[in-house]
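Single-structure report; data block below.
Proteins come first, then strands; the chains are lettered A, B, ... in the order of their sequence lines, and each starts at number 1.
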Amino acid sequence: MVEIKDLGQHVGETVTVAGWVETTRSHGKVAFVVLRDGTGLAQCVLVKKQVSEATWEAHGLATQESAVSVTGEVRADDRAPGGYELGVTEMTVTGQAAEYPIQPKEHGVDFLLDHRHLWLRSSMQRSGLRVRAEVEQAIHDFFYGRGFVRIDTPILTGSIGEHAGTLFSTDYFGEKAYLAQTGQLYVEAACPAFRKVYCFGPTFRAEKSKTRRHLTEFWMVEPEVAFADSEDNMRLQEDFVSYLVERALERCPEELEILERDTSRIEHVKPPFPRISYTDAVTRLQAKGSEIQWGDDLGAGDEAVLTEDYDLPVFVANYPKEAKAFYMKENPEDTRTVLCDDLLAPEGYGEIIGGSQREDDLDRLLERIREEQLPEEAYSWYLDLRRYGTFPHSGFGLGVERTVAWITGRHHIRELIPFPRLMNRLFP
RNA sequence: UCCGGGGUAGCUCAGUUGGUUAGAGCAUCUGACUGUUAAUCAGAGGGUCGUGGGUUCGAGUCCCACCCCCGGAGCCA
């Protein structure tokens with residue numbers, strides 16, 4: 001059996017391909033079947049006089065998305081999508097499809113999400129998910145190439161990452177367990193073992209967010225580097241994000257074209273990215289008429305205003321302590337703030353990275369845990385990391401779906417994960 | 001949780017100041033056609049107008065309550 005992507009190497013030969021019917025067009029004595037096999041599309045041409053009765057009848061049974069097996073001669077033809085077509089000698093329907101719910105036309109989002117298991121077959125969805133897969137591979141390649149060790153962190157966890165209110169809880173043999181909302185604390189623990197580590201997996205947030213940027217289950221990659229400060233951290237981030245964009249451009253040009261992505265918007269994404277401090281950002285926003293006060297976290301509108309001046313992702317660094325998580329290191333140059341950064345993607349895609357230098361001083365970390373009224377016992381093992389050879393270290397988390405949404409130019413991140421979990425959607 | 005929009009055929013939608021038997025396109029089925037590109041043409045079947053109540057001679061349309069969906073805010077990646 002031949003894969004459709006290789007048809008060009010078999011011109012003049014008789015081959016067999018198998019796949020699913022995208023559309024059929026019948027004309028009485030000649031019929032066209034467009035076949036998708038997962039590697040490409042091929043137009044199959046049936047001429048009534050030249051095929052058996054069984055094969056001619058098979059085209060009538062080949063309803064949209066039926067699985068079929070087709071044998072025929074490969075020939076080059078400009079009229080065929082892809083440039084090659086199959087002059088059919090034999091076709092059999094191996095899995096006839098019932099009336100297919102998704103038609104080649106506009107559908108509502110709710111309907112499509114109800115049929116996500118079928119929607120995956122559509123060309124835009126195939127393209128978006130293929131870019132996702134490429135970006136995920138690029139993530140591994142980037143870190144592997146730089147000597148990082150991958151650490152798989154637990155999904156079921158007893159300790160808490162950041163804020164208790166946004167955790168999913170579940171019963172764990174009579175005890176309460178939480179679905180991880182970050183692997184960070186665990187990669188910090190692995191840092192003294194391997195120096196440079198990262199985790200990559202699903203994370204869970206029970207936030208009641210209904211926006212195009214939110215999922216309750218999303219994938220995050222979180223590197224952690226020993227002896228790296230906040231500046232080193234941002235340099236790693238811009239190198240990393242640039243590499244992901246470059247890989248998608250290099251290896252998914254067809255997918256980006258199907259997605260109608262204007263690639264000129266991302267082709268120049270290369271280090272360095274602009275950096276502004278939180279304090280400067282507030283001044284700038286106030287000059288533009290924002291009501292924001294120093295100490296407030298940046299709202300979605302503020303982020304949009306800040307990014308509109310750039311066509312690169314923008315770092316906003318050193319937020320007020322109160323707006324950020326307990327584990328971030330105090331900024332020695334302005335103790336109201338912490339050494340951290342958010343990376344805001346252009347074109348309104350929002351925050352794709354949150355990173356920071358970690359607090360490595362035991363007493364200050366303890367103080368912050370108490371200030372935030374977090375359960376101290378649950379963090380005893382995390383505090384041990386400061387007791388036994390504490391060291392400066394930094395890391396960040398990059399949201400895969402938001403990043404891929406930006407790279408592909410898709411409006412909503414739910415299209416960039418195979419089976420999105422949203423506030424009101426647990427099926428399929 | 002708050003603000004805004006919406007729910008009519010399998011799907012996407014139209015439906016006038018309340019008025020006879022609720023429409024269109026696509027999909028499905030039947031027929032015609034030897035080169036289509038979301039083929040075209042002719043015909044057919046297909047409806048609990050989100051749910052419950054109310055006003056009215058008469059409600060898809062007006063009123064009340066509830067359910068569900070979408071978008072945004074907050075929160076975050």
* To do: Using a heavy-atom cut-off of under 4.0 Å over every strand shown, decide if A/Arg425 touches base, sugar-phosphate, or nothing.
  => nothing
* When you compare B/C69 with B/C33, how far apart are their C1' atoms, in angstrom units rounded to a whole number? -> 44 Å
* Asked: For A/Tyr349, is the NZ or CZ atom of A/Arg212 found under 6.0 angstrom from the centre of its six-membered ring and inside 45 degrees of the ring axis?
  -> yes
* Using the C1' atom on both, measure B/C66 against B/U20 and round to a whole Å. => 33 Å
* Heavy atoms under 4.0 Å, any strand shown: does A/Asp342 hit a base, just sugar-phosphate, or nothing? -> nothing
* Where does the angle between the aromatic ring planes of A/His140 and A/Tyr198 fall among parallel (under 30°), tilted (30 to 60°) and perpendicular (over 60°)? -> tilted
* Asked: What's the CD-P distance between A/Glu222 and B/A77, to the nearest Å?
  -> 9 Å
* Quick one: ring pair (Phe, Tyr, Trp, His ring centres under 6.0 Å) pairs with a partner in residues 30-85 of chain A, sequence neighbours left out? -> A/His27-A/Phe32, A/Trp56-A/His59
* Look at atom CZ of A/Arg265 and say whether more than 12 heavy atoms of other residues, nucleotides or ligands are closer to it than 6.0 Å. => no
* Are A/Arg212 and B/A73 close enough that a side-chain N or O sits under 4.0 Å from OP1 or OP2? -> no
* A/Glu303 or A/Met423: which one's nearest nucleotide on RNA chain B is closer to the 5' end? -> A/Met423
* To do: Give a yes or no on whether a donor-acceptor pair under 3.5 Å exists between the nucleobase atoms of B/U34, that is its base, and the side chain of A/Lys49.
  => yes
* No-H, no-angle donor-acceptor pair, A/His214 side chain to B/C76 base, under 3.5 Å -> yes
* Does atom CD of A/Gln286 have more than 12 heavy-atom neighbours from other groups under 6.0 Å away? -> yes
* Structure fact -> Rounded to whole Å, NZ of A/Lys324 lies from C1' of B/C75 at a distance of 11 Å
* Asked: Could one point to a donor on the side chain of A/Ser209 or the base of B/C75 with an acceptor on the other under 3.5 Å away?
  -> yes
* Can you tell me, in whole Å, how much space there is between the C1' of B/G46 and that of B/A24? => 14 Å
* Asked: Thinking salt bridges, do A/Glu351 and A/Arg402 make one under a 4.0 Å N-O criterion?
  -> no
* Asked: Using the rule for Phe, Tyr, His and the six-membered ring of Trp, do A/Phe218 and B/A77 stack at under 5.5 Å and under 30°?
  -> yes
* In whole Å, what is the span from the CZ atom of A/Arg402 to the P atom of B/A77? -> 8 Å
* B/U12 to B/G50 separation - P atoms, rounded to the nearest Å -> 14 Å
* For A/Asp78 and B/U36, give me the distance from atom CG to atom P, rounded to whole Å. => 14 Å
* Asked: For A/Ile353, which contact category applies under a 4.0 Å heavy-atom criterion: base, sugar-phosphate, or nothing?
  -> sugar-phosphate
* Could you tell me whether A/Leu398 contacts a base, only the sugar-phosphate backbone, or nothing, with contacts defined as non-hydrogen atoms closer than 4.0 Å? => nothing
* Asked: What base-paired stems does RNA chain B take part in, with at least 3 consecutive Watson-Crick or G-U wobble pairs and both distances under 3.5 Å?
  -> B:1-7 with B:67-73, B:10-13 with B:23-26, B:28-32 with B:40-44, B:50-54 with B:62-66
* B/U61 and B/G6: how far apart are their C1' atoms, nearest whole angstrom? -> 16 Å
* What nucleic acid atoms does A/Pro101 come within less than 4.0 Å of, heavy atoms only: base, sugar-phosphate, or nothing? -> nothing
* Would you kindly give the CG-to-P distance between A/Asp114 and B/C68, to the nearest whole Å? => 15 Å
* To do: Tell me which of A/Phe111 and A/Ser26 sits closer to the 5' end of RNA chain B, going by the nucleotide each one is nearest to.
  => A/Phe111
* Side-chain donor/acceptor of A/Gln103 to base of B/U12, under 3.5 Å -> no
* To the nearest Å, give me how far apart NE2 (A/His115) and P (B/U12) are. => 10 Å
* Asked: Which nucleotide in the set B/U34, B/U36, B/C76 lies at the smallest distance from any side-chain heavy atom of A/Val30?
  -> B/U34
* To do: For B/A39, take OP1 and OP2 only and decide whether either is under 4.0 Å from a side-chain N or O of A/Arg25.
  => yes
* **Rounded interatomic separation in angstrom, taking CD from A/Glu85 and C1' from B/U37** => 12 Å
* To do: Classify the nucleic acid contact of A/Gly299 as base, sugar-phosphate or nothing, counting any heavy atom under 4.0 Å across all strands shown.
  => sugar-phosphate
* To do: Provide, to the nearest angstrom, the distance between the CD atom belonging to A/Glu207 and the C1' atom belonging to B/G74.
  => 10 Å
* **B/U16 versus B/G31 - spacing of their C1' atoms, nearest Å** => 38 Å
* Which part of the nucleic acid, if any, lies within reach of A/Ala31 when heavy atoms closer than 4.0 Å are counted: base, sugar-phosphate only, or nothing? -> nothing
* **Note: A/Arg132-A/Glu136 ion pair, threshold 4.0 Å (strictly below)** => yes
* Asked: How is A/Gln43 classified with respect to the nucleic acid when contacts are heavy atoms under 4.0 Å: base, sugar-phosphate, or nothing?
  -> base
* Flag yes if more than 12 heavy atoms outside A/Glu308 fall under 6.0 Å of its CD atom; otherwise flag no. => yes
* To do: Describe, in one word, how the ring planes of A/Phe240 and A/Phe396 are oriented to each other, choosing from parallel (under 30°), tilted (30 to 60°) and perpendicular (over 60°).
  => tilted
* **A/Val45 side chain, from C-beta outward: closest of B/A77, B/G74, B/G35** => B/G35
* Checking all strands, does A/Gly108 fall into the base, sugar-phosphate, or nothing category for heavy-atom contacts under 4.0 angstrom? -> sugar-phosphate
* Asked: Does A/Arg75 CZ have over 12 foreign heavy atoms under 6.0 Å away?
  -> yes
* From B/G71, B/C76, B/A27, pick the nucleotide closest to the side chain of A/Glu99? -> B/A27
* **A/His412 vs B/G71: side-chain N/O to OP1/OP2 distance below 4.0 Å** => yes
* Scan residues 285-295 of chain A against RNA chain B and write down, sorted by residue number, each residue with any heavy atom closer than 4.0 Å; if none is found, say none. => none
* Provide the distance between the two P atoms, one in B/G71 and one in B/A65, to the nearest whole Å. => 26 Å
* Can A/Arg364 and A/Lys329 be said to form a side chain to side chain contact (heavy atoms under 4.5 Å, CB included), step by step? -> CA-CA 9 Å; A/Arg364 269 202 289 261; A/Lys329 188 175 177 63; 4.2 Å; yes
* Could you check whether A/Lys208 gets within reach of a base, just the sugar-phosphate, or nothing at all, counting any heavy atom under 4.0 Å? => base
* Which is it for A/Gln237 and A/Asp341 under the side chain to side chain donor-acceptor pair (under 3.5 Å) test, yes or no, and what are the steps along the way? -> CA-CA 10 Å; A/Gln237 289 166 46; A/Asp341 67 87; 3.1 Å; yes
* Of all the choices, B/G74, B/A77, B/C69, which nucleotide is nearest to the side chain of A/Arg205 once you look at every atom? -> B/A77
* Asked: Just checking, is any N or O donor in the side chain of A/Arg247 or A/Gln137 under 3.5 Å from an acceptor N or O on the other one?
  -> no
* When you check the side-chain N and O atoms of A/Gln357 and A/His393, is any donor under 3.5 Å from an acceptor? -> no
* To do: Check if the side chain of A/Arg213 and the base of B/G71 share a donor-acceptor pair of N or O atoms closer than 3.5 Å.
  => no
* **Nearest-angstrom distance, C1' atom, B/A44 to B/U48** => 24 Å
* To do: For the side chain of A/His27, starting at C-beta, report the closest nucleotide among B/U34, B/U12, B/A77.
  => B/U34
